[in-house]
Protein chains: 2
Amino acid sequence: MEGAADGEAEGKGAPTLNRRIRADIEAKILSGEWGPGHRIPYEHELMAQYGCARMTVNKVVSELAAAGLIERRRRAGSFVAAPRIQSAILQIPDIEAEVTARGEAYRYELLRQERRPAARSVPAEWALAPRGRVLEIECRHMAGSRPFALEHRLINLSAVPEAEAVDFARQAPSSWLVGHVPWTAAEHKIAAVNALPEMAKRLDIPDGSACLELVRRTWRGDENITLVRQTFRGDLFDLVARFTPAQTPNGG
Amino acid sequence: MEGAADGEAEGKGAPTLNRRIRADIEAKILSGEWGPGHRIPYEHELMAQYGCARMTVNKVVSELAAAGLIERRRRAGSFVAAPRIQSAILQIPDIEAEVTARGEAYRYELLRQERRPAARSVPAEWALAPRGRVLEIECRHMAGSRPFALEHRLINLSAVPEAEAVDFARQAPSSWLVGHVPWTAAEHKIAAVNALPEMAKRLDIPDGSACLELVRRTWRGDENITLVRQTFRGDLFDLVARFTPAQTPNGG
DNA sequence: TAGTGGTCTAGACCACAGA
DNA sequence: CTGTGGTCTAGACCACTAG
């Protein structure tokens with residue numbers, strides 16, 4: 001990804017040789033002067049051009065390859081990669097941070113909590129914890145006096161037995177999980193749904209109002225840790241994703 | 001980022017020293033043995049531990065920092081970073097590819113097209129092309145005989161004068177733009193909206209049905225190239241994002 | 001101010017794929 | 001085969017900052 005090994009600030013910072021070379025190559029590619037498939041100079045050519053050691057140019061070109069801007073092939077050289085518009089960095093905000101950033105008071109309400117064996121009749125639940133036990137939590141996130149989002153969560157107690165003892169009336173499950181359970185992979189599904197009557201009532205919106213639904217599954221290795229569905233009021237919440245062709249997650 | 005400079009295959013590949021060190025550190029972090037805030041060994045300690053040069057361990061730790069797994073602070077050391085659930089790689093699919101991948105026939109319909117000076121009364125339009133001209137396009141993406149998405153697009157003709165001569169009845173604006181106009185930054189906003197009567201009619205859904213709305217702005221340098229709003233039938237389309245704490249776009 | 005990371009050098013050997 | 005990239009070494013100087 002991105003800013004890569006040379007720091008974090010995007011294009012700015014001290015004008016190190018590394019950054020200069022990188023900026024030069026990026027400029028050629030982003031300006032279109034070097035289109036997709038164009039072969040960039042060999043490492044030894046860049047060495048000569050910039051009068052530096054091979055490791056220096058190697059690092060730059062390797063970073064660009066890691067960023068997806070170019071592809072490297074032994075014996076053939078390095079080539080400008082085809083642009084990948086379809087990939088973006090999505091910011092999935094922490095709900096508490098999102099609410100407080102809007103200057104509203106965040107409050108969390110536990111609506112329901114239940115520990116039980118996973119139900120074989122519910123495919124999602126059985127997939128989460130086959131032959132195991134689950135902790136089911138329903139809660140609500142408030143922005144001031146208005147409901148902001150509903151959350152329905154299943155935690156695999158076989159994978160996270162410590163969750164059994166946590167008081168989720170005091171602490172939101174997401175914040176507890178983030179701080180206590182490392183994870184290795186996750187998947188989001190983002191959809192638009194019409195609020196059903198029960199949901200509409202809890203979100204204090206008219207029946208059928210459009211809501212943004214975020215379903216997230218999180219794994220640690222092969223083990224599924226949790227499955228959560230967060231339903232946001234469509235009138236209060238948008239997801240925003242900023243990105244560049246170089247896929248810089250931290251960048252501007 | 002991520003797989004970083006040492007190739008691309010995720011955790012696999014030749015057991016180079018680089019990969020061994022990286023795998024060791026990642027294992028400690030992902031297993032929870034080194035929790036958030038834990039200081040990892042100094043570079044000179046890792047040098048001694050693995051009996052290698054400093055550049056070798058420096059590269060590994062720098063890659064892990066670029067991946068967001070750790071944070072580095074001069075004079076203090078390198079520390080395990082707090083997990084960043086909020087960041088994900090979002091796959092923004094090409095609509096044609098998305099439709100054909102479902103085994104349906106893709107068809108594109110141009111509904112309206114108009115070249116005109118940017119209207120100062122429309123903030124979004126004026127922001128796109130102040131004192132310039134815009135090309136406004138409305139079109140529809142079909143999956144078989146069913147509408148799949150509506151698209152409303154503004155192209156800044158001052159930034160992309162070539163667009164003036166293109167026949168957008170034959171080619172979708174997105175596919176033309178991707179192939180002809182390099183860009184440097186973009187921004188997505190994802191929202192859930194209730195279909196208005198006109199929109200519902202064109203999408204062949206009941207009034208008020210939930211739709212997923214994707215608004216994308218694209219820049220080349222400081223110049224705003226295009227502003228597009230794509231409205232997907234909520235019942236036919238979800239966005240999916242897969243990711244890991246290390247933010248590997250290419251990885252599994 | 002001492003010690004960390006940030007960067008760079010001038011070499012080297014190797015694997016591998018293209019010609 | 002030949003030449004590319006992949007990796008690694010054993011140093012070096014510097015910037016920054018935590019103590």
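Reminder, nothing fancy here: chain letters follow the sequence lines and each chain counts from 1. Side chains are part of it too, since the values below use all heavy atoms of this structure and drop only hydrogens, waters and symmetry mates. A quick note: this is a predicted structure, and the numbers were derived from the prediction, not measured.
Residues satisfying the salt bridge (Lys or Arg N to Asp or Glu O under 4.0 Å) test with B:Arg153, not counting sequence neighbours, are B:Glu151.
In a base pair of the Watson-Crick type (N1 to N3 plus N6-O4 or O6-N4) or a G-U wobble (N1-O2 and O6-N3), with each distance short of 3.5 Å, D:dA10 is matched with C:dT9.
Following rounding to the nearest Å, A:Arg20 (CZ) and C:dT7 (C1') show an atom-to-atom distance of 14 Å. Protein atom NZ of A:Lys59 is 8 Å distant from nucleotide atom P of C:dG6, rounded to whole Å. Separating the CG atom of A:Asn18 from the P atom of C:dT9 is a distance of 10 Å, rounded to the nearest angstrom. Taking atom CD1 of residue A:Ile70 and atom P of nucleotide D:dG6, one finds them 9 Å apart after rounding to whole Å. Regarding A:Arg72, its CZ atom lies at a distance of 14 Å from the C1' atom of D:dG3, rounded to whole Å. Distance B:Asn58 CG to C:dC8 P: 12 Å, rounded to the nearest Å.
The backbone N or O of A:Arg220 lies less than 3.5 Å from no partner atom in the side chain of A:Glu223, so there is not a single donor-acceptor pair.
Figure legend: A:Arg102 and A:Tyr106 shown without cation-pi pairing, the cationic atom not lying both under 6.0 angstrom from the six-membered ring centre and within 45 degrees of its axis.
Side-chain contact between A:Leu177 and A:Thr218: absent, with no pair of heavy atoms (C-beta onward) separated by less than 4.5 Å. Residues A:Leu64 and A:Ile40 form no side-chain contact, since every pair of their non-hydrogen atoms from C-beta on lies 4.5 Å or further apart. Counting heavy atoms from C-beta outward, A:Asn18 and A:Lys59 have side chains that approach closer than 4.5 Å.
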Where do A:Lys28 and A:His38 land on the side chain to side chain contact (heavy atoms under 4.5 Å, CB included) test, with the steps shown first? CA-CA 10 Å; A:Lys28 300 263 192 186; A:His38 181 278; over 6 Å; no
Nucleic acid footprint by protein, nucleotides 11-19 of chain C - heavy-atom cut-off 4.0 Å, B for base, S for sugar-phosphate alone: -B--BSBB-
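At least one side-chain nitrogen or oxygen of B:Ser78 sits closer than 4.0 Å to the OP1 or OP2 atom of C:dG5. The phosphate of C:dT7 (OP1 or OP2) has no side-chain N or O of A:Thr56 nearer than 4.0 angstrom.
At a non-hydrogen distance threshold of 4.0 Å, B:Tyr42, B:Glu43, B:His44 from residues 37-53 of chain B come into contact with DNA chain C.
The aromatic rings of A:Phe148 and A:Phe237 sit perpendicular, their planes meeting at an angle over 60°, well past the 30° parallel limit.
Counted by atom type alone, B:Thr226 and B:Arg216 present zero donor-acceptor pairs between their side chains at under 3.5 Å.
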